[in-house]
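Every chain is numbered from 1 and lettered A, B, ... according to where its sequence line falls, protein lines coming before strand lines.
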Amino acid sequence: MNNYTLKSSPKTPLLKFDAASGVFEISGRSIPENSIEFYKPLLNWVDEYVKQPNDSTTLSVKLEYFNTSSSKSFVELFRKLEDIADQTKIKVEWYYDEEDEDMMESGQDFQHILKIPLELIPVEE
Amino acid sequence: MSPSNKSLEIEEIASELMVHKAVYQYIGNIDLDTTDKVILEVDDLLSHQNYPNKIRKKAFHITIEVVQNLYKYLLENHADPSHSKGIFLIHSSNDNEIIITSGNYLLRSEVNSLKSRIKLINSFTSDELAHFYRGLLDVGTISKHGGAGLGFVDIAKKSGNKIQYEFKEVDNDYAFYIFKIIISN
């Protein structure tokens with residue numbers, strides 16, 4: 001299947017989802033007014049990926065800011081990945097600026113509600 | 001009451017809120033373009049001030065939620081043009097405190113439910129707030145315009161302070177809702 005790639009914009013993140021390697025990345029800012037509209041094509045792509053996932057799937061999230069609207073889309077994305085946890089070695093890497101406690105807490109919030117491993121990775125600015 | 005009177009009224013409310021000079025102010029129509037404009041201008045403003053990183057990040061984060069809340073509320077409630085204006089202000093007397101204020105017209109029939117929601121959020125300790133937020137994140141539904149009801153909770157959680165609010169009477173149908181949050185070091 002094709003990869004899903006979308007360039008970043010001032011309000012939307014870079015989306016780089018490589019089907020062959022199972023390496024996915026979301027980075028930058030995710031603050032669109034309507035996250036449903038923005039993430040719908042990606043979630044449709046993930047629906048196809050989960051039918052035949054790679055042996056390992058790693059999603060790296062490297063966000064500077066995200067709005068609450070985006071957080072619900074992330075949950076939807078994570079849930080889709082949870083569904084294939086028995087078919088692929090799955091991991092979410094949550095990168096955050098080591099000084100940004102809010103971003104760390106956001107990672108912890110997702111950790112609490114997810115059934116797949118989410119690793120918190122502090123990054124020096 | 002004519003739309004022009006309404007416009008004057010929002011200016012009057014704004015001037016009451018600006019007894020102290022605002023470091024940023026937007027008073028006018030809230031649509032997609034102005035939402036973008038305010039967010040980008042505030043980002044630029046905050047990056048050129050001497051606020052500690054922590055406060056700057058929180059203030060920008062809260063700005064995004066507040067401005068997008070205003071926009072989504074007006075979009076979902078099909079406010080007529082005379083009621084689609086809003087206020088967004090930033091006050092700061094020193095580098096360790098930023099105060100964000102917003103204002104918008106609201107149907108009077110919605111005042112009580114909004115008041116109850118804010119009172120509930122304000123009644124929580126920070127641990128309870130974090131727990132409540134996680135619950136909403138886990139099971140909350142998304143409205144057709146992408147809101148998840150998480151905005152207020154997120155703002156209270158990030159600011160670490162209680163939400164301040166006031167409802168002013170406008171006419172038989174509308175009230176004016178003023179929302180204020182303090183972000184401090």
### Message
Test your reading of the model: is there a side-chain donor-acceptor pair from A:Glu105 to the backbone of B:Lys158, 3.5 Å cut-off?
### Response
no
### Flag, side chain of B:Lys72 to backbone of A:Glu33, donor-acceptor distance under 3.5 Å
yes
#### Entry: A:Ile31 CD1 to B:Ile64 CD1 distance, which is reported to the nearest 0.5 Å
4.0 Å
### Query
When clusters are formed by joining ILVMFWY residues with side-chain heavy atoms under 4.5 Å apart, either directly or through shared neighbours, do A:Ile113 and A:Leu81 land in the same one?
yes
### Hphob cluster co-occupancy, B:Phe167 + B:Tyr73, side-chain heavy atoms under 4.5 angstrom
yes
### Best-contacting candidate, B:Val67, B:Val153, B:Asp43, against chain A by heavy atom pairs under 4.5 angstrom
B:Asp43
### Query
Ignoring hydrogens and geometry, is there a side-chain-to-backbone donor-acceptor pair from A:Lys72 to B:Leu137 under 3.5 Å?
yes
### Task
Measure distances from A:Gln108 to the heavy atoms of chain B and classify the residue's part below 4.5 Å as side chain, backbone, both or neither.
both
### Query
Crowded around B:Glu41 CD? As in, over 12 foreign heavy atoms under 6.0 Å?
yes
### Message
Please check if the number of heavy atoms outside A:Lys40 that lie under 6.0 Å from its NZ is greater than 12.
### Response
no
### Task
Verify, without hydrogens or angle tests, whether B:His61 (side chain) and A:Phe66 (backbone) share a donor-acceptor contact under 3.5 angstrom.
yes
### Message
Does this structure show an ion pair linking B:Lys57 with A:Asp102, if we count only N-O contacts that are shorter than 4.0 Å?
### Response
no
## Note on the structure
Output for pair (A:Asp109 CG, B:Leu136 CG), nearest 0.5 Å, gives 11.0 Å
### Message
Can you confirm whether more than 12 heavy atoms, excluding those of A:Gln52, are under 6.0 Å from its CD atom?
### Response
no
### Query
Is it the case that more than 12 heavy atoms not belonging to A:Lys16 sit under 6.0 Å from its NZ atom?
no
### Task
Under 4.5 Å, counting heavy-atom pairs only, tell me which of A:Arg79, A:Glu99, A:Glu37 racks up the most with chain B.
A:Arg79
### Among B:Asn53, B:Asp36, B:Asp154, residue most engaged with chain A (heavy-atom pairs, under 4.5 Å)
B:Asp36
### Query
Which atom names give the shortest non-hydrogen contact between A:Tyr65 and B:Arg56, and what distance separates them?
OH-NH1, 4.0 Å
### Query
When you look at CG of B:Asn94, are more than 12 heavy atoms from neighbouring residues, nucleotides or ligands closer to it than 6.0 Å?
yes
### Query
Is atom CD of A:Gln87 surrounded by more than 12 heavy atoms (other residues, nucleotides or ligands) closer than 6.0 Å?
yes
